[in-house]
Each structure stands twice: as structure tokens, then as C-alpha cells.
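So the structure is just underneath, and the comments pick up after that.
First the proteins, then the strands, lettered A, B, ... as listed; each starts at 1.
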2 protein chains.
Amino acid sequence: MKRVLVIDDEPQIRRLLTISLGKKDYEVFEAPTAFEGMQAVQSIRPDIILLDLGLPDMDGSRALAELRLWSTIPVIILSVRDAEADIVALLNAGADDYLTKPFRVEELLARMNVALRRLRPDMRESVYECGDLRIDFDERSVSIEERAIRLTPTEYAILAFLARNGGKIVTQTRLLRELWGPLADAEPGSLRVHISSLRKKIERNPSQPGRLITEPGIGYRLYCK
Amino acid sequence: MKRVLVIDDEPQIRRLLTISLGKKDYEVFEAPTAFEGMQAVQSIRPDIILLDLGLPDMDGSRALAELRLWSTIPVIILSVRDAEADIVALLNAGADDYLTKPFRVEELLARMNVALRRLRPDMRESVYECGDLRIDFDERSVSIEERAIRLTPTEYAILAFLARNGGKIVTQTRLLRELWGPLADAEPGSLRVHISSLRKKIERNPSQPGRLITEPGIGYRLYCK
DNA sequence: CGCCGCCTTAACGCCTTCTTAACGCCTCAT
DNA sequence: ATGAGGCGTTAAGAAGGCGTTAAGGCGGCG
């Protein structure tokens with residue numbers, strides 16, 4: 001569910017966008033003036049902005065320039081003007097796209113997707129953190145108290161799987177299947193060895209685990225202090 | 001100085017683009033067919049691609065789909081077709097923009113800037129610097145303590161790819177795909193040799209790497225001191 | 001044609017990682 | 001109390017990954 005802010009002074013355009021975007025998993029917010037639009041950006045924190053150029057109170061390019069002083073939210077310009085100079089100026093001022101009215105709704109949606117798609121990598125949080133233990137799934141790195149821990153592939157796989165299950169109990173069979181695939185007839189013995197060596201690396205006192213907890217007869221879970 | 005690959009079968013379009021983009025700090029490469037284009041992406045490693053839809057040997061959307069299997073290089077579609085369905089399909093298939101021929105050159109340049117601007121920040125930096133190691137992506141040159149290092153094309157490709165991934169672990173398979181393309185059945189053995197000779201050039205003590213770190217069982221990463 | 005630089009392949013040895021087996025501890029049920 | 005089974009630990013062996021070197025092939029260039 002993405003939030004989109006429509007800044008346009010024509011009520012019928014806002015209505016059209018509210019309806020058509022509302023059907024497509026967007027939460028739509030409206031602002032009739034640039035001034036109210038700027039305020040709305042602050043309070044609403046939209047994921048993307050649709051900005052009309054013909055606003056009564058402020059030139060669209062001025063509004064965009066001001067916005068770009070402090071925000072990198074994607075902005076798509078909607079305008080009746082089709083002059084190349086306008087388009088170039090707005091795109092260089094930081095707009096992400098420029099559509100000429102009357103625009104086609106499906107195309108607008110596709111172009112909104114493009115603008116949002118390029119944003120993903122920075123937005124995505126892919127770290128597990130719990131006490132002083134930290135797992136960065138992107139970097140594939142593990143650290144305790146800021147100190148990096150070296151794990152073997154299997155050890156990392158176990159820890160990552162338990163972390164992804166967020167403290168819930170994971171049965172042995174599920175872990176075995178996760179590590180060696182559903183077909184392999186995996187030995188529980190091998191798993192026990194990996195658990196042991198993993199504990200040596202992430203537990204203060206490996207003989208009394210504080211994180212990697214055994215649930216007797218069931219499996220294991222990652223306890224978050 | 002950015003590299004742009006123009007894939008279009010009409011010589012006059014290629015000529016027009018080569019001239020007008022050449023004036024604007026672009027190094028222009030041309031390919032008349034989708035097939036040659038895909039090969040050129042491999043060898044040239046452009047920063048952005050302009051793709052015509054009306055290619056003789058392959059449908060443009062097919063070409064884009066294949067490219068997107070392994071690459072995220074920005075692609076702008078150039079086409080005579082103006083049907084909404086086409087535009088939406090291409091944008092959803094991973095295109096970054098869509099311009100209808102005849103297009104306006106200034107607008108194209110502005111839209112190319114937008115596409116390049118949206119890249120991850122670390123991707124569009126033209127130099128990588130870390131300790132005494134310095135990589136200039138524009139010049140394709142590498143230096144340590146101000147001393148220039150001579151690297152072979154493959155060595156440079158490995159180092160540059162690791163640097164662009166900013167210290168994160170890069171899987172062997174990803175590195176192999178990056179170097180020899182997605183189709184090639186690449187030999188890990190060859191990669192190991194290149195890594196070895198690369199280390200001889202950039203490491204103080206190649207037998208105990210301080211920069212180009214091996215992550216056993218996974219891949220490599222460039223460690224920034 | 002011969003030289004040179006680059007890439008690939010193969011061989012070998014080292015080292016990490018995984019597996020297996022043995023043993024001891026604990027818990028629980030009989 | 002005692003035996004059985006689950007679990008943790010350790011050590012040893014096997015397997016495979018990785019680094020290195022040398023040799024051969026390919027293409028560019030004088």
C-alpha cells in the first residue's frame with residue numbers, strides 16, 4: 001500500500017486520480033495548492049508525488065526546487081504544456097517524469113511504478129537486530145557488539161533461518177530440509193555439530209546458551225533478549 | 001564521461017544520436033540488431049541503453065526481458081508506436097522510460113539524466129576511493145598511493161564490480177555472470193586465476209589479502225580499511 | 001612471420017569445512 | 001534406581017574449495 005500525494009488545483013483531475021489510483025493499492029491524498037502541498041508532504045510523508053504545473057499560488061518548478069532542497073521523494077509532473085524547454089527544465093530540476101495532459105491512466109500507473117521501483121534498494125531494511133547480535137542479510141555478515149563474526153556457510157544458514165523465523169521455534173526436520181533440501185536424507189547428528197560450533201561463536205557461555213535455545217524434543221529457536 | 005549503447009537498425013537514427021550525444025559528454029556505441037546489442041552490453045558495459053523497438057531480429061520487449069534477467073542497466077525505449085498497451089508493457093518489463101519517435105533530443109538527454117540520476121548513489125560515483133586504493137571509473141584507471149597500476153581488462157572488471165558493490169559480499173556466480181554473461185558456462189577456475197593475479201598487483205602481501213577478501217564458500221568482497 | 005600480452009586450462013598442494021563416530025551428560029519413564 | 005534416548009562435545013577422516021604455477025592457445029602488432 002503506497003501513499004501518493006496529488007497536488008492539483010482542478011477538482012475533477014484530483015477526483016479522477018483518487019478513484020483510479022485508489023483501485024490500484026494506492027492511498028491517495030490531495031492538495032489544491034503548492035503551499036498546502038508542501039505542508040502535506042511534511043505531515044503525510046507520501047511515497048510519491050504527482051505535481052501539476054498550473055498551480056494558482058506558485059510556479060510548479062519553484063515548488064519542485066524547494067521540495068528538492070530537503071527531500072528526494074519521487075515527483076511526476078502533470079502538465080498541459082508540451083514545450084520541450086519546459087520538460088527539460090523540470091526534469092533537470094529533479095522531476096522523475098513528465099506527462100502531458102490529457103494523460104492515460106494506465107501509462108501513469110506504469111510510470112509511477114518505474115519511479116518507485118528505482119527507490120527500493122535504499123528503502124529496504126534487511127537487517128536483523130536483537131540485543132548486541134546483528135545480522136545483515138544483504139551483506140551476509142554477522143556481528144556481536146560491533147565485532148564481526150566469521151561463520152561458515154552452514155552456520156550462517158542456520159542462524160539466518162532461525163532469525164527469519166523471528167524467535168519462533170523451528171523444528172529439527174524443517175531445519176534439516178532447509179539446509180540440505182527436502183530430498184536428502186539428512187543426519188541429525190551433523191546438525192548438532194553445527195549448532196555446537198555456532199554457539200561457540202555467538203554465545204558468551206556456550207554451555208549455557210542465551211540466544212540459540214534448544215527446545216527439547218522439538219527443535220531450536222533464536223531467543224531475543 | 002558516460003557510455004551509452006544505441007541499439008537501432010536505422011543508420012540515420014544512430015548517426016543522429018551519435019552526433020548529438022557525442023557533444024554532451026557521452027561516449028556512444030552502436031548496434032544495429034538486438035543480438036549484436038546484447039553482445040555489446042557484455043563487452044562495452046554501457047552506463048545506459050537506448051533501445052529501439054522495431055528491430056529486425058528480435059522483438060524489443062523480448063530483448064529487454066532477456067537483459068533484465070541479469071542486468072539492471074537503465075534502458076530507455078525509443079519507438080514509433082504510441083499505443084498505451086505497448087508503453088505500459090515495456091515499462092512494466094523493466095524499461096526506465098519510453099519516448100515516441102520522432103523524439104526531441106534535448107528531452108531525451110534530460111530523461112537520460114533522470115535515469116542515470118536514479119541509480120544507487122554509489123553506482124554513479126565516478127571514482128572509488130578507499131585508503132590508498134583509488135579507482136577512476138571514467139578513466140578506467142586504478143592507482144595505489146598515487147602510483148598507477150596496470151590491470152588487464154578482466155582484472156579491472158573484477159575490481160570495478162567489487163568496488164561498485166561497496167564492500168558487500170559478491171557471490172561467485174554473480175561475478176561469473178557479470179564477467180562472461182548469463183549464458184556462458186563459466187569456469188570458476190579461470191576466475192581464481194584472475195583473482196590471484198589481481199592480488200599480486202593490489203595487495204602488499206598477496207598471500208594475506210587485506211583488500212580482496214575471500215569469503216569461503218560464498219564469494220569475494222572488497223574490504224575498505 | 002615472430003613477438004607479446006591476455007585468457008584459459010590443468011595439475012598440485014594447502015587449508016577450510018563437513019561429516020561421521022564415539023563418548024558423556026542429562027532427563028524421563030519404567 | 002536404572003536403562004533408554006535425546007543432546008552436546010570432541011576428534012579424526014573425507015571431501016571439496018581455493019591459491020598458485022606453468023603450459024598452451026588466441027589475437028594484435030611490428
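Looking only at distances, no side-chain donor or acceptor of A:Thr214 sits under 3.5 Å from a matching main-chain atom of A:Pro216. Between the side chain of B:Asn165 and the main chain of B:Phe161, a donor-acceptor pair closer than 3.5 Å is present. Side-chain N or O atoms of A:Glu203 include one that pairs as donor or acceptor with a backbone N or O of A:Arg211 at under 3.5 Å. A donor-acceptor pair under 3.5 Å links the side-chain atoms of B:Arg3 to the main chain of B:Ile44, judged by distance alone. Of the possible donor and acceptor atoms, none in the side chain of B:Asp96 sits under 3.5 Å from a partner among the backbone N and O of B:Ile76.
Remark: A:Arg192 is not in phosphate contact with C:dC18, judged by side-chain N or O atoms under 4.0 Å from OP1 or OP2. Residue B:Thr152 has a polar side-chain atom (N or O) positioned under 4.0 Å from OP1 or OP2 of C:dC7. Contact check, B:Thr154 against C:dC7: a side-chain N or O comes under 4.0 Å of OP1 or OP2.
Using a 4.0 Å heavy-atom distance criterion, A:Pro188 is classed as making no nucleic acid contact.
In this structure, A:Glu139 does not pair ionically with B:Lys168, as no charged nitrogen and carboxylate oxygen lie closer than 4.0 Å.
Mapping A:His194 and B:Gly189 onto DNA chain C via the closest heavy atom, the residue that lands nearer the 5' end is B:Gly189. Residues A:Pro216 and A:Lys200 both approach DNA chain D. Their nearest nucleotides, taken by heavy-atom distance, put A:Pro216 toward the 5′ side.
Put simply, CG on B:Leu179 is 14 Å from C1' on C:dT8, counting in whole angstrom units. Atom P of nucleotide C:dC7 and atom CD of B:Glu155 are separated by 6 Å, given to the nearest angstrom. Atoms CD (A:Gln208) and C1' (C:dC26) sit 14 Å apart, rounded to a whole Å. Rounded to whole angstrom, the span from the CG atom of A:Leu198 across to the C1' atom of C:dT17 amounts to 14 Å. For the pair B:Glu187 CD and C:dT8 P, the interatomic distance rounds to 10 Å; values are reported in whole Å.
Each of C:dT9, C:dA21, C:dT17 was ranked by its minimum atom distance to the side chain of B:Ser190; first place goes to C:dT9. Each of C:dT16, C:dC18, C:dT8 was ranked by its minimum atom distance to the side chain of B:Trp180; first place goes to C:dT8. The side chain of A:Arg150 lies closest to C:dT17 when the candidates are C:dC6, C:dT17, C:dT20.
Mapping heavy-atom proximity under 4.0 Å, the span of DNA chain D touched by chain B runs 5' to 3' from D:dC18 to D:dT21.
For A:Lys201, the side chain to side chain donor-acceptor pair (under 3.5 Å) criterion is met by A:Glu155, not counting sequence neighbours.
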